[in-house]
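Just so it is clear, the model here is predicted, and its values are computed rather than measured. In what follows, chains are A, B, ... by sequence order, proteins preceding strands, each numbered from 1.
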Amino acid sequence: FFFFFFSFFYIWIENHETKRDASQEVSEHDSKIEDESCDLNYNIVSILQEMQRIYELMGDNWREFAYKRACGIVKMFPKKIETEADVALLLKTKGFSKKLGAKVLEIIQTGQLKKLNELKKLPQIEASNLFMGIWNQTSLCGNRGVGHQTVTQWYRLGYRTLDDVREKAALNERQKIGLKYYDDLRAKIPRCEVEEIEHFVKKEVMKIESECALVTCGSYRRGKAESGDVDLLITHPRAKKIVGLLEKIVDQLNKAGFLKDHFSLPSHKNKHAVDHHDTYMGICKLPDTADGRVYKYCRHLDIKVFPPAAFPFALLYFTGSDHFNRSMRYFAKKKGYTLSSYQLAPAIRLNNHKTHTGQPILCSSEEQVFEVLGLKYVKPCDRNNHEYFEFS
DNA sequence: CGGCGGTACTG
DNA sequence: CAGTACC
DNA sequence: GCCG
């Protein structure tokens, strides 16, 4: 009973803290500084971003990884980078070394990067550019079920425009929906609309299970002014209630006419597993309000339902960012643990293969996960970039 | 030189 | 199983 | 791409 009560109480606190923190974060300096710095070095960041995108298209995940990390480092840099001394300062940052330094130097001296211009001329990249418009953050490669393998295949098949793909390509469900809502999904979601989506879902969920707790994670929880999608994390203080809960929620939201299409529905596999959780991914649209407010866009909505014991880990995972999660998990690994979206456990590895996972370590809050790993707590608004966690 | 997160869905 | 996705 |  105490555990259930504690979980529920904790979640309640978390809900309210999240809201309060979030509103402070936008108005306070955190995100502002970042935006300003991003503007300060806008040219450098956008060129490095194009490099990242190209390597993503080429399937070179590790260069993509390194460039994304580098973008974060440049964004965080406190002043405009214009001299060799500035670049020297950049080079002191872990994750930013000679080759990237040379590229940044070239950018501040010439305003452009030869290597990028060459890569853009590659026929395949040029074609991808044509039918995906990757240079304006309108990439089809990324979150519409199309990766570098598909791009390469389409190129070999001679497709060169979006209409080629529409007419000739054999698309899977995910890709069809991606095309159907092509413009909608490109549009960013303002914080206030994220909140309204959360409110709508919460209202419907409460009709089914009034004890449910619901937290919006992702970039929203990290304090961003706009999000690409809405990530809702749901739990229930009683673990038994988790089974089949998401199906009921999806049914309810369907009845309300809120869901327009589905990427993936809650699976019926692994229902017996202790660590079981459910995922829904799809498209939603807020109804017009009585006072005449009209919502223009359909939005990408992800809902995850986790059992209460996994809640702190789920919250940590679902808040991200992707690079933050990877750095924390990498550190946990070096410390002899494995950290996932549902548990932290000792892990024994042989030649980098996980061979045994010990008893999970119970944590009742995000803070506790950091504590067990011997790390200083990092607030959601500071989880936007890659970190180098060190042994203390 | 090898390693760079852990997991879950579709087809 | 490969490919892509989630953060 | 970078790090150990």
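- Counting any heavy atom pair closer than 4.0 Å across all strands shown, A/Leu316 reaches no nucleic acid atom.
- Ion pair A/Lys285/A/Asp184 not flagged as a salt bridge, since none of the NZ, NE, NH1 or NH2 atoms sits closer than 4.0 Å to an Asp/Glu carboxylate oxygen.
- In this model, a side-chain donor or acceptor of A/Asn325 finds a partner on the base of C/dC7 within 3.5 Å.
- A/Tyr55 comes within 4.0 angstrom of the backbone, heavy atoms only, and of no base.
- In summary, the aromatic rings of A/His300 and A/Phe263 are positioned with their centroids under 6.0 Å apart.
- Spacing between atom OH of A/Tyr280 and atom P of B/dT10 amounts to 12 Å, rounded to whole angstrom units.
- Proximity note for A/Lys94 (side chain, C-beta onward) versus D/dC3, D/dG1, B/dC4: the nearest is D/dC3.
- A/Asp322 comes within 4.0 angstrom of a base, heavy atoms only.
- Using bins of under 30°, 30° to 60° and over 60° for the plane-to-plane angle, the ring pair A/Tyr280/A/His262 lands in the perpendicular bin.
- In this structure, CG of A/Asp302 is placed 14 Å from C1' of C/dT4, rounded to the nearest angstrom.
- Residue whose closest nucleotide on DNA chain B sits further toward the 5' end, between A/Leu265 and A/Ser341: A/Ser341.
- The stretch residues 98-111 of chain A comes close to DNA chain D through A/Lys98, A/Lys99, A/Leu100, A/Lys103, each having a heavy atom under 4.0 Å from the strand.
- An OP1 or OP2 oxygen of D/dC3 is reached within less than 4.0 angstrom by no side-chain nitrogen or oxygen of A/Tyr388.
- What separates CG of A/Leu301 from P of C/dC6 is a distance of 12 Å, to the nearest Å.
- Out of C/dG3, B/dT10, B/dG3, the shortest distance to the side chain of A/Ser264 is found at B/dT10.
- Among the nucleotides C/dG3, D/dC3, B/dG6, the one closest to any side-chain atom of A/Tyr317 is B/dG6.
- Side chains of A/Tyr317 and A/Arg329: a donor-acceptor N/O pair is absent below 3.5 angstrom, by distance only.
- Following rounding to the nearest Å, A/Glu387 (CD) and B/dC4 (C1') show an atom-to-atom distance of 16 Å.
- Rounding to whole angstrom units, CZ of residue A/Arg144 and C1' of C/dG3 are separated by 18 Å.
- Look at CE on A/Met281: it is 10 Å from C1' on B/dA8, rounded to the nearest Å.
- Checking the phosphate oxygens (OP1, OP2) of B/dC4, a side-chain nitrogen or oxygen of A/Asn352 falls inside 4.0 Å.
- Going from atom CZ of A/Phe389 over to atom P of B/dC4 covers 17 Å, rounded to whole Å.
- Computed from coordinates, the A/Met328 CE to C/dC6 P distance equals 22 Å when rounded to whole Å.
- In this model, a donor atom of one side chain and an acceptor atom of the other lie less than 3.5 Å apart for A/Thr289 and A/Asp291.
- Across D/dG1, B/dT10, D/dC3, the shortest atom-to-atom separation from the side chain of A/Ser97 is found for D/dC3.
- With its ring centre under 5.5 Å from that of the base six-membered ring and a plane angle below 30°, A/Trp62 counts as stacked on B/dC4.
- Among the protein residues, A/Thr319 comes within range of the sugar-phosphate backbone only, with heavy atoms under 4.0 Å from sugar or phosphate atoms but none that close to a base.
- Remark: A/Tyr330 is not in phosphate contact with B/dG5, judged by side-chain N or O atoms under 4.0 Å from OP1 or OP2.
- At the phosphate of B/dG6, OP1 or OP2 sits under 4.0 Å from a side-chain N or O atom of A/Lys333.
- Within 4.0 Å of A/Asp231, counting heavy atoms only, lie sugar-phosphate atoms of the nucleic acid but no base atom.
- Here B/dG6 is the nucleotide among B/dT7, B/dG6, D/dG1 with the atom lying nearest to any side-chain atom of A/Arg329.
- Nearest-nucleotide positions on DNA chain B for A/Arg349 and A/Glu173 put A/Arg349 closer to the 5' end.
- A side-chain N or O of A/Glu195 and one of A/Tyr220 form a donor-acceptor pair less than 3.5 Å apart.
- For A/Arg69, the listed nucleotide lying nearest its side chain is D/dG1; candidates were C/dT4, B/dC4, D/dG1.
- With rounding to the nearest 0.5 angstrom, the CZ atom of A/Phe391 is 10.0 Å from the CG atom of A/Leu373.
- Ranking B/dT7, C/dC7, B/dG6 by closeness to the A/Asp229 side chain, first place goes to C/dC7.
- Among residues two or more places apart in sequence or in another chain, the side-chain contact (heavy atoms from CB on, under 4.5 Å) test is passed with A/Thr357 by A/Thr338, A/Gln343, A/Ala345, A/Lys354.
- Under 4.0 angstrom from either OP1 or OP2 of C/dC6 there lies at least one side-chain N or O belonging to A/Arg174.
- Salt bridge status for A/Lys207 with A/Glu204: present, with a side-chain N to carboxylate O gap under 4.0 Å.
- Residue contacts for A/Lys334: at a heavy-atom cut-off of 4.0 Å it reaches no nucleic acid atom on any strand shown.
- Residue A/Tyr342 has its side chain nearest to B/dT7 when only B/dT7, C/dA5, C/dC7 are considered.
- Annotation: side chain of A/Asn41 is not in contact with side chain of A/Lys75 (no heavy-atom distance under 4.5 Å).
- The A/Thr150 side chain lies nearest to C/dT4 when the options are C/dT4, B/dG11, B/dG5.
- Taking atom P in both B/dG6 and D/dC2, the straight-line distance is 23 Å, to the nearest Å.
- Of all nucleotides listed (C/dC6, B/dG6, C/dT4), B/dG6 comes nearest to the side chain of A/Ser340.
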